[in-house]
*Asks:* 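Here you go, one structure.
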Amino acid sequence: MKLTSFLYLQLLFLVAFTIMPMPKQFEKGEKTVKIQQRCAIKFSSQQEFPDHIMQLLRHYHELMTLNSNCQFEESLKKQNLQIEGSLKLNINLQSDEQLYWVNDTKQEAYTVEIDEKLNVIINAPNHWALARAIDTVHQLTENNEVENLPLKIYDEPAFAYRGVMVDTARHFLPLKILERTIDALVINKMNVLHWHITDDESFPLLLTNYSQITNTSKHWETAYFTKSDVSYIIEYASIRGVQIIPEIDSPAHAQSWGRSSDLAEMIITCGSTIKQYGQFDPTLDLTYEVLKSVMQDLNDMFAKVQFIHFGGDEASNSCFDQRPSIKQFMVDHGIATYFDLQVYYRQRQKDIWKNQIKSTKRIAYWYNKNDQLPAEDDDIIHWWGLTSQLVDVKNRTNDFILSDYHPLYLDVGVGNAFGNSYDAYQTWKDFYKWSPSPPEGFKGNIIGGEAPLWGETNNQNTHFQKMFLRSSILGDTLWNPNSKQTEQFWQFTQRLSEMEDRMNKYGFPVSPFTHDYCKRHTKLCFPTLYGNDQNNQDVPESQSESESQSNIILQSQSE
């Protein structure tokens, strides 16, 4: 499809084009056509749809019709394909194989063409790209009309990894919450659910050989996940174009492993007053016997995922210092420092993973300015320092996931589990200001970003309020960071307002980003990103679009 250059300039005159994230390129016409018969939607193809495609289409059929009387089976029949005022989606897939992850942005690239008769042509390489394409069609049509016809869209994300992290250890999140989180990611074109399964507080994954770890740490009788739960959620996510990244953290954040009397020896309890934190004794054979069994379960249960997250952050030197036997072990084995002791543990853990279990899955580890253990070339560095601090690791050639503590930690600023202050809250505007910009000379490969929602003060009742809409903004940035340079700030807030309404419409109780007056008057309330006076009230509503656009670009560059 031939596309003209500088297509984004059209955004300045297209307030109604409120897709989020914004497509990469498009051509538009001037005609608006009403959808008169929403139940008459059709999905057709020259190919037979396999089951995972059928389930994806059924999911979007429910969203696009919002009517239990609209029969999905009718949408597949090759009859009445030219009903006036109805959507007709013709789908062309290069491959209909079921995917469980993507690692290249072109795997989610797609084209959509819509003519004045509401014929929709979708070209996509696979079923994940199809999910992105149908979501775009859905957004374009959800107000029962389609504007700017004929319309052509070419779209491709800037980053292949666009995710959130959920924590099921501090508060147990039922399977239904994980399902709904995946559904929320899909309508934001995000594609990763990083599942921080275990921590000090609980180990809610039922194991094969060490079930006592789960049974002695679960928060209530049924607060755990089974192997069948894991299989179900992996398939559920795959169908919708989301990959699952499981995390079992160690050697720190491991108190829950040793609640039973027969495993207590492997854990050192940390903390001077609050005795709830623990980490492994990396000198004991018992530690590695248990670790091997748990990692075998992890490899078996998550056989269809791309890689495993091993955590690895925040090991306490003072905690190791409690056991004289550890110091003697270090002397006997020529281990000079506690940093070297952590390296020793990681090397043994990797040996179990790669040489004994013989897993081929890649490994991700948490890293920041202070936690910088050696990384093998194939390791994924999950960076939770600031992007500006990447200069400390600029010579590493690893793949990087960015989860800047500021602003991407969703729980920051709401207080910790003991009611103490916990840094400053990061607002939706802080998320908007952030971009994945590495320092000069950086040799790593940034594959994307992730917003972690730690669970100390988050449960199923607060989950969606805390996760969205700030995560929606991250998804927008990671899909198309250029939109910040090509649209005015009030236009972005108009898109954000539409996303808020969209998520509420589909049952996600997300936090509002502003009050209703400003939702209706985004141009008045948000004329520029940064104002000299509080609430930008010093900027007149009549400010020209060119002046506003210049302010946004210049001030964004100064950040």
Side-chain angles (χ1 to χ4, degrees), residues 1-38 40-45 56-57 60-61 63-65 75 81-94 105-106 108-125 128-158 186-189 475-476 479-480 482-483 486-488 491-492 494-499 501-502:
M1 178 174 63
K2 184 178 179 181
L3 294 166
T4 60
S5 60
F6 303 112
L7 292 174
Y8 273 121
L9 293 178
Q10 298 174 78
L11 285 172
L12 298 176
F13 310 101
L14 192 57
V15 179
F17 207 59
T18 54
I19 296 177
M20 190 168 182
M22 183 61 70
K24 183 178 181 180
Q25 294 177 314
F26 59 86
E27 293 177 343
K28 67 181 182 69
E30 298 179 351
K31 189 172 183 179
T32 297
V33 176
K34 291 190 176 296
I35 300 173
Q36 299 172 0
Q37 302 188 56
R38 187 164 283 276
I41 184 173
K42 293 288 184 180
F43 300 104
S44 63
S45 176
L56 174 65
L57 296 180
Y60 267 101
H61 181 269
L63 293 182
M64 295 173 79
T65 60
S75 71
L81 294 179
Q82 298 302 321
I83 294 179
E84 186 175 353
S86 69
L87 286 167
K88 286 83 66 174
L89 281 70
N90 186 274
I91 297 168
N92 302 305
L93 289 177
Q94 294 178 20
T105 59
K106 294 190 180 304
E108 292 180 280
Y110 66 88
T111 62
V112 167
E113 299 184 36
I114 310 177
D115 66 18
E116 294 94 330
K117 295 184 178 180
L118 300 183
N119 294 305
V120 182
I121 299 175
I122 293 175
N123 290 289
W128 279 39
L130 174 60
R132 312 302 170 233
I134 295 181
D135 182 76
T136 294
V137 174
H138 173 43
Q139 289 196 43
L140 288 168
T141 62
E142 63 184 343
N143 292 325
N144 289 319
E145 64 180 19
V146 190
E147 300 179 332
N148 308 120
L149 298 179
L151 180 64
K152 297 180 180 180
I153 293 174
Y154 170 77
D155 207 3
E156 179 183 340
V186 172
I187 64 175
N188 285 279
K189 288 189 173 68
D476 190 67
W479 186 278
N480 183 1
N482 290 330
S483 64
T486 54
E487 69 178 339
Q488 297 181 64
Q491 291 175 310
F492 166 76
Q494 182 64 38
R495 293 196 293 119
L496 188 62
S497 176
E498 294 284 342
M499 179 56 77
D501 293 344
R502 183 175 299 120

*Asks:* Between Glu108 and Arg132, does any side-chain N to carboxylate O distance fall below 4.0 Å?
*Replies:*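 Salt bridge between Glu108 and Arg132, a charged N being under 4.0 Å from a carboxylate O: yes.
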*Asks:* How far apart are the closest heavy atoms of Ser75 and Ile41, and which atoms are they?
*Replies:*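 Nearest heavy atoms, Ser75 then Ile41: CB-O, 3.1 Å.
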*Asks:* Taking side chain as C-beta onward, heavy atoms only, is Tyr110 less than 4.5 Å from Thr136?
*Replies:*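 Answer yes - side chains close enough.
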*Asks:* Under the criterion side-chain contact (heavy atoms from CB on, under 4.5 Å), which of Arg495, His138, Glu498, Gln139 is the partner of Ile19?
*Replies:*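 By the side-chain contact (heavy atoms from CB on, under 4.5 Å) criterion, Ile19 pairs with just one of Arg495, His138, Glu498, Gln139: Gln139.
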*Asks:* Do Glu116 and Pro150 have side chains that get closer than 4.5 Å, going by heavy atoms?
*Replies:*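 The answer is yes; the side chains approach within 4.5 Å.
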*Asks:* Within the structure provided, determine whether Thr486 and Met22 are in side-chain contact (heavy-atom separation under 4.5 Å).
*Replies:* no
*Asks:* Counting distance only, does the side-chain N/O of Ser45 pair as donor-acceptor with the main-chain N or O of Ile91 below 3.5 Å?
*Replies:* yes
*Asks:* With rounding to the nearest 0.5 Å, note down the distance linking CG in Asp115 to NZ in Lys152.
*Replies:* 10.5 Å
*Asks:* Roughly how far apart are Lys24 NZ and Thr105 OG1, rounded to 0.5 Å?
*Replies:* 7.0 Å
*Asks:* Which heavy atom of Lys106 sits nearest to which heavy atom of Pro125, and what is that distance?
*Replies:* O-CG, 3.7 Å
*Asks:* Holding to side chain to side chain contact (heavy atoms under 4.5 Å, CB included), I want the full list of residues that pass it with Ala109, two or more places apart in sequence or in another chain.
*Replies:*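 Side chain to side chain contact (heavy atoms under 4.5 Å, CB included) list for Ala109, sorted by chain: Tyr154, Glu156.
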*Asks:* To the nearest 0.5 angstrom, please state how far the CG atom of Leu63 sits from the CD1 atom of Ile187.
*Replies:*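 Answer rounded to 0.5 Å: 7.5 Å.
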*Asks:* Hey, is the main chain of Glu145 close enough, under 3.5 Å, to the side chain of Asn143 for a donor-acceptor pair?
*Replies:*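 Such a contact is absent between Asn143 side chain and Glu145 backbone.
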*Asks:* Would you compute the distance between atom OG of Ser44 and atom CG of Asn119 and round it to the nearest 0.5 angstrom?
*Replies:*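 Ser44 OG to Asn119 CG: 9.0 Å, rounded to 0.5 Å.
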*Asks:* Would you compute the distance between atom NZ of Lys42 and atom CG of Leu87 and round it to the nearest 0.5 angstrom?
*Replies:* 12.5 Å
*Asks:* With side chain to side chain contact (heavy atoms under 4.5 Å, CB included) as the test, would you mind laying out the steps for Val112 and Asp155 before giving the verdict?
*Replies:* CA-CA 8 Å; Val112 167; Asp155 207 3; over 6 Å; no
*Asks:* Can you see which heavy atom on Ser483 is nearest to which on Asp476, and at what distance?
*Replies:*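 Looking at all heavy atoms of both residues, the closest pair is OG-OD2, 3.8 Å.
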*Asks:* Of all the heavy-atom pairs spanning Asn480 and Pro23, show the shortest one and how long it is.
*Replies:* ND2-O, 3.3 Å
*Asks:* Which value, rounded to the nearest 0.5 Å, describes the distance between Tyr60 atom OH and Asp135 atom CG?
*Replies:*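 Answer rounded to 0.5 Å: 3.5 Å.
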*Asks:* Are Ile153 and Leu140 side-chain neighbours, meaning at least one heavy-atom pair lies under 4.5 Å?
*Replies:* yes
*Asks:* Please determine which of Leu118, Ile114, Ile122 meets the side-chain contact (heavy atoms from CB on, under 4.5 Å) test together with Leu89.
*Replies:*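 Output: one option passes, namely Ile122.
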*Asks:* Measure across Ala40 and Ser86 and return the closest heavy-atom pair with its distance rounded to 0.1 Å.
*Replies:* CB-CB, 3.6 Å
*Asks:* Please report the closest heavy-atom contact between Thr65 and His61, naming both atoms and the distance.
*Replies:*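 Heavy atoms of Thr65 and His61 come nearest at OG1-O, 2.7 Å.
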